K.L.:
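Below is a structure I'd like to ask you about.
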Amino acid sequence: MPNAELARLQALMVKAAITGSALPGIDRNLDFPDLAAHRQSAEKYVSSENLEIPHELGVLADVLPQDGIAQKAVELGPFPFLRFQPPSQSGDRIGLSLQLMTGFDDVEPLALGAMVATFEKRGDGWIAVEPTHVLAY
């Protein structure tokens with residue numbers, strides 16, 4: 001998959017997480033309780049870990065380098081951020097997992113939940129297909 005297409009799918013996932021919007025092809029929002037609390041945060045952060053092209057996120061969120069999360073927690077205290085797992089690809093399908101994490105200054109980040117989406121190539125674009133779901137830890 002070309003980097004630009006993966007970056008566009010990641011941006012769709014981040015937008016769905018931050019705004020509560022649905023993914024193309026799915027008639028429902030992917031949501032869990034901690035994600036709603038994250039939406040109320042004034043600042044939105046995404047880890048650069050496994051993020052294909054950070055500038056594709058535009059104004060949706062500030063991108064933090066993986067090694068900057070603890071430093072941001074020193075500044076803010078524990079804070080929520082989003083982090084992608086490595087994508088998986090099988091034929092014309094790609095799977096993305098976007099985790100909601102809490103960053104700390106003195107311990108490893110804690111996972112709170114995840115949005116998991118499977119995208120399929122249809123014509124010139126991509127749509128989300130089942131299985132697409134959320135996990136709350």
Side-chain angles (χ1 to χ4, degrees):
M1 160 177 278
N3 294 353
E5 286 186 322
L6 178 55
R8 191 169 56 91
L9 294 177
Q10 287 180 329
L12 284 172
M13 290 278 291
V14 170
K15 181 179 179 186
I18 290 174
T19 66
S21 58
L23 295 170
I26 301 291
D27 292 335
R28 60 186 166 78
N29 297 346
L30 301 179
D31 212 353
F32 54 90
D34 291 318
L35 192 54
H38 175 268
R39 289 184 189 124
Q40 296 172 3
S41 298
E43 295 293 323
K44 310 292 189 272
Y45 298 100
V46 177
S47 169
S48 64
E49 184 178 5
N50 300 309
L51 186 61
E52 192 63 27
I53 304 175
H55 69 269
E56 286 292 321
L57 295 182
V59 297
L60 289 173
D62 291 326
V63 176
L64 290 174
Q66 185 177 357
D67 60 0
I69 292 169
Q71 183 58 39
K72 183 58 78 172
V74 167
E75 179 185 323
L76 300 175
F79 73 100
F81 68 95
L82 299 168
R83 175 180 76 183
F84 280 99
Q85 292 296 308
S88 63
Q89 187 166 3
S90 176
D92 287 344
R93 286 188 172 202
I94 186 158
L96 294 178
S97 176
L98 179 61
Q99 294 179 302
L100 176 63
M101 310 288 292
T102 298
F104 299 96
D105 63 347
D106 57 350
V107 295
E108 290 295 313
L110 173 68
L112 301 173
M115 297 172 52
V116 180
T118 301
F119 291 91
E120 184 174 88
K121 184 82 166 175
R122 298 265 175 98
D124 292 337
W126 293 83
I127 64 164
V129 296
E130 298 299 343
T132 298
H133 51 277
V134 294
L135 307 168
Y137 303 129

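Along the sequence shown, residues are numbered consecutively beginning with 1. Worth knowing before you read on, the calculation uses all heavy atoms, side chains too, and leaves out hydrogens, waters and symmetry mates. All of these numbers come straight from a predicted model, not from anything done at the bench.
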K.L.:
With sequence neighbours left out, which residue pairs that include part of residues 101-117 fulfil the salt bridge (charged side-chain N to carboxylate O under 4.0 Å, His left out) condition?
P.N.:
none

K.L.:
Could you list the residues that satisfy side-chain hydrogen bond (donor to acceptor under 3.5 Å, both in side chains) with Q71, not counting sequence neighbours?
P.N.:
none

K.L.:
Do L82 and L110 sit in one hydrophobic cluster, given that two such residues count as connected whenever their side-chain heavy atoms are within less than 4.5 Å of each other, even indirectly?
P.N.:
yes

K.L.:
Under the salt bridge (charged side-chain N to carboxylate O under 4.0 Å, His left out) rule, collect the residues that match up with K15, sequence neighbours excluded.
P.N.:
none

K.L.:
For a quick test of reading the model, state the closest non-hydrogen atom pair linking I26 to A22 and the distance between them.
P.N.:
O-CB, 3.5 Å

K.L.:
Is there a path of hydrophobic side-chain contacts, each under 4.5 Å between heavy atoms of I/L/V/M/F/W/Y residues, joining L9 to V46?
P.N.:
yes

K.L.:
In Å, rounded to the nearest 0.5 Å, how long is the span from CD of Q10 to CG of N3?
P.N.:
9.5 Å

K.L.:
Scan residues 123-137 for pairs that pass salt bridge (charged side-chain N to carboxylate O under 4.0 Å, His left out), counting only residues two or more places apart or in two chains.
P.N.:
R28-E130

K.L.:
As an exercise, state the distance from NE2 of H38 to CZ of F79, rounded to the nearest 0.5 Å.
P.N.:
9.0 Å

K.L.:
First locate atom CH2 of W126, then atom CG of D92, and finally report the distance between them rounded to the nearest 0.5 Å.
P.N.:
6.5 Å

K.L.:
As an exercise, state the distance from CZ of R8 to CZ of F119, rounded to the nearest 0.5 Å.
P.N.:
9.0 Å

K.L.:
Could you pull out every donor-acceptor pair under 3.5 Å between side chains of residues 58-70 and any protein atom, sequence neighbours left out?
P.N.:
none

K.L.:
With R39, which residues qualify under salt bridge (charged side-chain N to carboxylate O under 4.0 Å, His left out), at least two apart?
P.N.:
D31

K.L.:
Which salt bridge (charged side-chain N to carboxylate O under 4.0 Å, His left out) pairs, counting each pair once, include a residue from residues 69-79, with sequence neighbours left out?
P.N.:
K72-E75

K.L.:
Are M115 and F81 linked, directly or through intermediate hydrophobic residues, by side-chain heavy-atom contacts shorter than 4.5 Å (ILVMFWY only)?
P.N.:
no

K.L.:
Got a sec, which residues hit side-chain hydrogen bond (donor to acceptor under 3.5 Å, both in side chains) with S21, two or more places apart in sequence or on another chain?
P.N.:
T19

K.L.:
Considering only Ile, Leu, Val, Met, Phe, Trp and Tyr, and joining two whenever side-chain heavy atoms are under 4.5 Å apart, list the other residues clustered with I127.
P.N.:
V129

K.L.:
Do L51 and L12 land in one hydrophobic cluster if side-chain heavy atoms of ILVMFWY residues count as linked below 4.5 Å?
P.N.:
yes

K.L.:
Minimum heavy-atom separation for A117 to L23, with atom names?
P.N.:
CB-CD1, 3.7 Å

K.L.:
Side-chain polar contacts of residues 93-102 - donor-acceptor pairs under 3.5 angstrom, sequence neighbours left out - could you list them?
P.N.:
| from | atom 1 | to | atom 2 | distance (Å) |
| --- | --- | --- | --- | --- |
| R93 | NE | E120 | OE2 | 2.8 |
| R93 | NH2 | E120 | OE2 | 3.0 |
| Q99 | OE1 | R83 | NE | 3.3 |
| Q99 | OE1 | R83 | NH2 | 2.9 |
| Q99 | OE1 | Q85 | NE2 | 2.6 |

K.L.:
Go through the structure and list residues passing side chain to side chain contact (heavy atoms under 4.5 Å, CB included) with N50, not counting sequence neighbours.
P.N.:
F84, P86

K.L.:
Not counting sequence neighbours, which residues clear salt bridge (charged side-chain N to carboxylate O under 4.0 Å, His left out) with K44? List them please.
P.N.:
none

K.L.:
Group every Ile, Leu, Val, Met, Phe, Trp and Tyr by side-chain heavy-atom contacts under 4.5 Å, then state whether M13 and I18 land in the same group.
P.N.:
yes

